Amino acid sequence: MKTIFAFFVVSLFSTSLLFGQKPVLIYNGTLELTGSTYPGIIATIPEATYEVVQKNWIKTIESGTRSKAVYDNGRWTLFGANISSVSPTPMNVYSKLENQDSLVRLVVAMELKKDDFIQTGIHES
């Protein structure tokens with residue numbers, strides 16, 4: 001009986017390792033706006049639904065401001081976002097959410113002032 005229980009526990013533990021959560025990946029990228037490309041970041045979010053990511057993303061960029069995110073032509077835009085962890089001054093946030101096969105892809109570009117986009121500083125290895 002102890003042998004069967006031990007085998008069951010070991011097999012349960014090993015299968016949980018095989019099906020562990022996939023990591024969220026963040027890397028440098030670009031976002032295309034009106035025919036031009038701007039520097040930004042890309043986050044791939046596995047095992048999440050598009051609707052949940054969209055709701056949380058809008059809530060995040062709208063927090064601390066009276067502005068509302070606007071959806072137009074596949075992109076979310078918010079003018080005057082207050083994201084103190086990124087910049088002490090208000091900024092414009094341009095983003096695009098893509099529902100892919102097994103993940104949601106978020107592409108974001110942040111503009112401090114006209115044509116002055118935040119460089120990410122993410123070093124890829």
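Heavy atoms only: backbone and side chains are in, while hydrogens, waters and symmetry mates are out. Because the structure is predicted, anything quoted here is derived from the model rather than measured. We count residues from 1, following the sequence as given.
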### Query
Can you name the residues that form a salt bridge (charged side-chain N to carboxylate O under 4.0 Å, His left out) with Glu51, not counting sequence neighbours?
none

### Task
Begin from the C-alpha positions of Trp57 and Val108 and carry the test side-chain contact (heavy atoms from CB on, under 4.5 Å) through to its verdict.
CA-CA 11 Å; Trp57 175 243; Val108 181; 3.7 Å; yes

### Query
For Ala81 and Val93, which heavy atoms make the closest approach, and how far apart are they?
CB-CG2, 3.7 Å

## Note on the structure
Residue pairs meeting side chain to side chain donor-acceptor pair (under 3.5 Å), one or both in residues 31-40, sequence neighbours left out, come to none

#### Entry: Heavy-atom closest pair, residues Leu31 and Arg75
CD1-NE, 4.3 Å

### Query
Below 4.0 angstrom, N of the basic side chain to O of the carboxylate: do Glu98 and Lys96 qualify?
yes

### Query
Say you draw a straight line from CG of Asn82 to OG1 of Thr89; how long is it, rounded to the nearest 0.5 Å?
9.0 Å

### Message
Rounded at 0.5 Å granularity, tell me how far NZ in Lys68 sits from CD in Glu62.
### Response
4.5 Å

### Residue list, side-chain hydrogen bond (donor to acceptor under 3.5 Å, both in side chains) with Gln54, at least two apart or on another chain
Tyr50

### Task
Return yes if some donor-acceptor pair links the side-chain N/O of Ser63 with the main-chain N/O of Thr60 below 3.5 Å, else return no.
yes

### Query
Quick one: does Val70's side chain get under 4.5 Å of Leu78's, heavy atoms only?
no

### Task
Look at the side chain of Ser67 and the backbone N and O of Phe79, then say whether any donor-acceptor pair between them is shorter than 3.5 Å.
yes

### Query
Going through the distances and angles, do Met91 and Val86 end up as a side-chain contact (heavy atoms from CB on, under 4.5 Å)?
CA-CA 9 Å; Met91 68 183 84; Val86 177; 3.7 Å; yes

### Query
Is Met110 close to Phe117 at the side-chain level, that is, under 4.5 Å between some pair of heavy atoms?
no

### Query
Does Ser87 reach the side chain of Leu112, with side-chain heavy atoms less than 4.5 Å apart?
yes

### Message
Nearest 0.5 angstrom please: Leu106 CG to Ser95 OG, how far?
### Response
6.0 Å

### Message
Looking at every non-hydrogen atom in both residues, tell me the closest pair between Leu103 and Pro46 and how far apart they are.
### Response
CB-CA, 3.6 Å

## Note on the structure
Ile45 and Val24 have their tightest heavy-atom pair at CG1-CG1, 4.3 Å

### Message
Using the side chain to side chain contact (heavy atoms under 4.5 Å, CB included) criterion, which residues pair with Asp72? Sequence neighbours excluded.
### Response
none

### Task
Please name all residues satisfying side chain to side chain contact (heavy atoms under 4.5 Å, CB included) with Val52, sequence neighbours left out, ordered by chain then number.
Thr49, Asn56

## Note on the structure
Nearest heavy-atom contact between Gly29 and Ile42 is CA-CD1, 3.7 Å

### Summary
Residues at least two apart in sequence or cross-chain that pass ring-ring contact (aromatic ring centres under 6.0 Å, His included) with Trp76, listed by chain then number, are Tyr71

### Query
What is the minimum heavy-atom distance between Pro39 and Ala109, and which atoms define it?
O-CB, 3.6 Å

